[in-house]
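On a predicted model such as this, the values are computed, not experimentally measured, just so you know. So you know, we letter chains A, B, ... as the sequences are listed, proteins then strands, and number each from 1.
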Amino acid sequence: MARQKPGNQAGVMEKIVSLCKRRGFVYQSSEIYGGMNGCWDYGPLGVELKRNVRESWWQDMVTCHDDMSVLDGAPEAFEMCGLDCTILMDPQVWKCSGHFDLFHDKMIDCRDSKRRYRHDQVRGRWVEAKGERIFVTVNADLEAEETEARQKALKYFGYRSKDSDKLNWDVEFICLTEVSDHSRVLAPDSKELGTLTEPREFNLMFKTQVGALYDEDSVVFLRPETAQGIFVNFKNVIDSTRVRIPFGIAQVGKSFRNEITPRHFTFRVREFEQMEIEFFCNPASSQEWYRFWRDRRLDWYQRLGLSGERLRLREHDSDELSHYSTGTADIEYAFPFLAEGEFGELEGVAHRGDFDLRSHMDGKLDPKSDPLEVELGEDGKPLWRGSGRDLSYRDPISNERFVPHVIEPSGGVDRATLAFLCEAYTEDEAPDDKGNLRQRVLLSFHPRLAPIKVAVFPLVKKDGMPDRAKAIYRELKQYFNVFYDEKGAVGRRYRRMDEVGTPFCVTIDGDTIKDGSVTIRDRDSMEQRRLSVGEVITTVQKAIRSQGQEGLSCP
RNA sequence: GCGGGUGUAGCUCAGGGGUAGAGCAUCACGUUGCCAACGUGAUUGUCGUCGGUUCGAAUCCGAUCACCCGCUCCA
């Protein structure tokens with residue numbers, strides 16, 4: 001049987017989006033009012049799928065974590081616990097975390113080249129010639145900017161290279177932020193003056209306000225990540241539980257980022273759900289823990305079905321890393337909406353050192369300083385004051401005191417859900433009742449993720465089969481999400497269940513009435529076996545617990 | 001934010017200044033003996049939204065919203 005895993009050819013994503021809407025996985029938000037950019041709702045099947053992703057993560061990382069054994073690749077045994085913080089937090093949290101500064105960039109657009117620049121990153125130099133004084137900006141590095149500025153100026157004034165001495169330059173290159181009149185500015189990618197817009201603020205954090213009365217002091221932000229809630233509760237968790245380092249705190253929840261360009265279905269959205277762990281460890285062993293978490297998180301996606309070439313681990317190059325981070329890896333998936341060879345991030349596993357805890361102790365650290373120091377304002381005081389609380393940790397055995405280092409595996413629930421959907425989408429061919437091959441569309445989810453685990457069908461709607469089938473439906477319902485259907489031809493019912501990824505269909509026929517046995521049909525192979533109802537339960541349970549691709553077919 | 005494309009039934013799409021179309025899907029009844037195409041019947045729309053031109057607009061024009069592609073952005 002030819003089975004195709006569609007690649008990046010045009011139309012696959014459209015088919016997935018269409019199926020998602022048609023079968024109740026994902027709808028556009030506020031659709032009857034025309035839709036809301038970058039917002040998507042999960043329908044009745046989508047909510048089950050997403051819950052299964054989220055709960056699989058929570059079970060595997062937290063509730064089912066074995067804190068007595070040393071896991072493969074781990075330096076030692078460790079504990080895990082959970083947390084659920086509010087979306088609204090003290091605004092100082094975001095000032096110390098760095099989000100406040102980072103998310104308030106001023107941007108300028110060039111009307112001519114249609115390019116956009118960060119206001120504080122455009123540099124240039126004043127030059128005077130032919131009685132005209134203009135500010136020439138450049139795209140180049142610090143070393144090359146002088147040469148490029150000269151060439152641009154010569155071209156603008158219509159001079160040849162030998163006329164360089166006719167240009168009267170100001171001494172210094174300065175930042176565009178120091179130039180108020182943009183009409184005299186030659187933009188980096190333009191040949192005419194005055195094409196830059198005024199700087200505009202991009203508020204990447206959603207702003208709201210607490211209390212009925214609005215004033216400046218009541219402004220708060222919707223969190224742009226869940227992680228900070230963990231850092232600011234680090235001391236609470238240490239003080240109120242008996243956890244000892246090394247240990248991890250996990251949290252799942254909504255976060256909000258005012259993306260400039262939401263795109264690609266649920267991939268880049270403004271409201272999204274994160275599943276994050278902050279793992280606290282001794283600085284001496286942090287490198288080993290980083291490698292452990294990086295490999296373990298990749299393994300998690302693989303076990304749930306993303307095992308092919310479309311999933312990869314990408315270590316950041318050293319020039320991509322903050323100097324205080326000694327490692328970051330992205331777990332990436334080749335989504336069908338991306339160009340061939342491109343991957344989209346599912347999860348980032350970052351070694352964050354002690355940057356976050358120290359920032360919440362002493363004040364926001366300057367990420368460019370090395371060694372890290374508190375960033376100072378113009379008055380010489382900390383730009384953003386920390387909590388002043390001591391967030392260091394004293395090891396009760398060695399008596400060593402240190403600020404823990406942090407490994408942060410931070411994944412997107414919506415992105416993982418989308419990746420599982422894309423990976424599951426399969427087209428193959430199967431014979432119809434006359435033996436002609438027909439196209440079949442199926443979602444080959446791992447049984448653990450499938451919204452519906454079992455469908456129960458009476459083969460035909462007579463001879464007592466529906467009653468018997470309903471009794472079996474009720475029995476299975478105690479264990480799984482089960483769907484009952486007695487309408488139309490059984491083949492059609494099978495295909496409908498294939499399309500929403502139900503791994504098993506149980507069919508009640510004449511023999512069921514006689515001896516209680518039923519047939520169970522496997523979604524992927526379409527093979528059937530005859531079992532007792534009790535065996536159906538163990539079969540489905542086994543498949544749900546299975547790892548990777550094994551166990552997807554009937555035993 | 002810029003440029004290009006698209007928007008008609010739940011889905012895929014045709015049509016095009018004068019009563020809104022097809023296939024699939026859905027529902028009912030009958031039929032049924034294991035892989036979507038059995039029969040009969042039924043439901044479905046302010047033609048994305050708002051405004052303009054016109055005797056008359058789903059059709060022409062403008063604006064707007066959303067989606068797709070390319071820039072930009074991706075902290």
Would you kindly give the NZ-to-C1' distance between A:K364 and B:A75, to the nearest whole Å? 12 Å

Face-on cation placement of A:R521 at A:Y494 ring, 6.0 Å and 45° thresholds: yes

B:A28 to B:C35 separation - P atoms, rounded to the nearest Å: 24 Å

Presence of A:K21 side-chain N/O under 4.0 Å of B:G10 phosphate oxygens OP1/OP2: no

Roughly how many Å apart are B:A42 and B:A25, using the C1' atom of each and rounding to a whole number? 14 Å

Across the strands shown, which category fits A:R263 at heavy-atom distances under 4.0 angstrom: base, sugar-phosphate, nothing? base

Whichever of A:Q439 and A:Y33 has its nearest RNA chain B nucleotide further upstream toward 5': A:Q439

Polar atom pairs (N or O), protein with nucleotides 20-25 of chain B, under 3.5 Å:
from: B:A25; atom 1: OP1; to: A:R492; atom 2: NH1; distance (Å): 2.8
from: B:A25; atom 1: OP1; to: A:R492; atom 2: NH2; distance (Å): 3.4

Which is true for A:K461 with a 4.0 Å heavy-atom rule: it touches a base, it touches only sugar-phosphate, or it touches nothing? base

Just to be sure I understand the rule, does A:G38 reach a base, reach only the sugar-phosphate, or reach nothing, if contact means heavy atoms closer than 4.0 Å? sugar-phosphate

Is the phosphate of B:C35 approached by A:Q528 (side-chain N or O, under 4.0 Å from OP1 or OP2)? no

With heavy atoms under 4.0 Å as the rule, sort A:E259 into base, sugar-phosphate or nothing. base

Using a cut-off of 4.0 Å on non-hydrogen atoms, how would the nucleic acid contact of A:M497 be classed: base, sugar-phosphate, or nothing? nothing

For B:C69, does OP1 or OP2 lie under 4.0 Å from any side-chain N or O of A:H264? yes

Value in whole Å for how far the C1' atom of B:C13 lies from CD of A:E14: 14 Å

Using a cut-off of 4.0 Å on non-hydrogen atoms, how would the nucleic acid contact of A:F265 be classed: base, sugar-phosphate, or nothing? sugar-phosphate

Are any of the side-chain nitrogens in A:R530 or A:D509 under 4.0 Å away from the carboxylate oxygens of its partner? yes

Atom-pair distance (CD on A:E486; C1' on B:C29), nearest Å: 14 Å

Report which part of the nucleic acid A:T507 touches: base, sugar-phosphate, or nothing (heavy-atom distance under 4.0 Å, all strands). base

Between A:S255 and A:Q274, is there a side-chain donor-acceptor contact under 3.5 Å, judged purely by atom types and distance? yes

Which nucleotides of RNA chain B pair, in dot-bracket form (Watson-Crick or G-U under 3.5 Å, | meaning another strand): (((((((..((((....[..)))).(((((.......))))).....(((((..]....))))))))))))....

Taking 4.0 Å as the cut-off, does a side-chain nitrogen or oxygen of A:N37 come that near to OP1 or OP2 on B:C65? no

Going by heavy atoms in the side chains, are A:V454 and A:I520 under 4.5 Å from each other? no

Determine whether A:M36 and A:E271 make a side-chain contact, defined as any pair of heavy atoms from C-beta on separated by less than 4.5 Å. no

A:W40 and A:D414: side chain donor to acceptor below 3.5 Å: no

Which whole-number value in Å describes the distance from A:L19 CG to B:U12 P? 11 Å

According to the interplanar angle, ranging from 0 to 90°, do the rings of A:F335 and A:F337 count as parallel (below 30°), tilted (30 to 60°) or perpendicular (above 60°)? parallel

With a 4.0 Å cut-off on heavy atoms, is A:D498 in touch with a base, just the backbone sugar-phosphate, or nothing at all? nothing

Of the nucleotides B:G1, B:A28, B:C35, which one has an atom closest to the side chain of A:T261? B:G1

Is A:E278 paired with A:R352 through a side-chain N to carboxylate O contact shorter than 4.0 Å? no

Closest listed nucleotide, where the reference is the side chain of A:K462 and the choices are B:C34, B:C73, B:U32: B:U32

What nucleic acid atoms does A:G98 come within less than 4.0 Å of, heavy atoms only: base, sugar-phosphate, or nothing? nothing

Specify the residue among A:S18 and A:G491 whose closest nucleotide of RNA chain B lies further upstream toward the 5′ end. A:S18

Under-4.0 Å salt bridge between A:K50 and A:E273: yes

Under 6.0 Å from the six-membered ring centre of A:F256 and within 45° of its axis: does the NZ or CZ of A:R270 meet both? no

Could you work out the separation of B:C2 and B:U72 based on their P atoms and round it to a whole Å? 16 Å

Would you indicate whether the side-chain heavy atoms of A:F504 and A:V536 approach each other to under 4.5 Å? no

Look at the side chain of A:D509 and decide which nucleotide, out of B:C35, B:C74, B:G33, has an atom nearest to it. B:G33

So, does the side chain of A:R257 form a donor-acceptor pair with the base of B:A75 at under 3.5 Å? yes

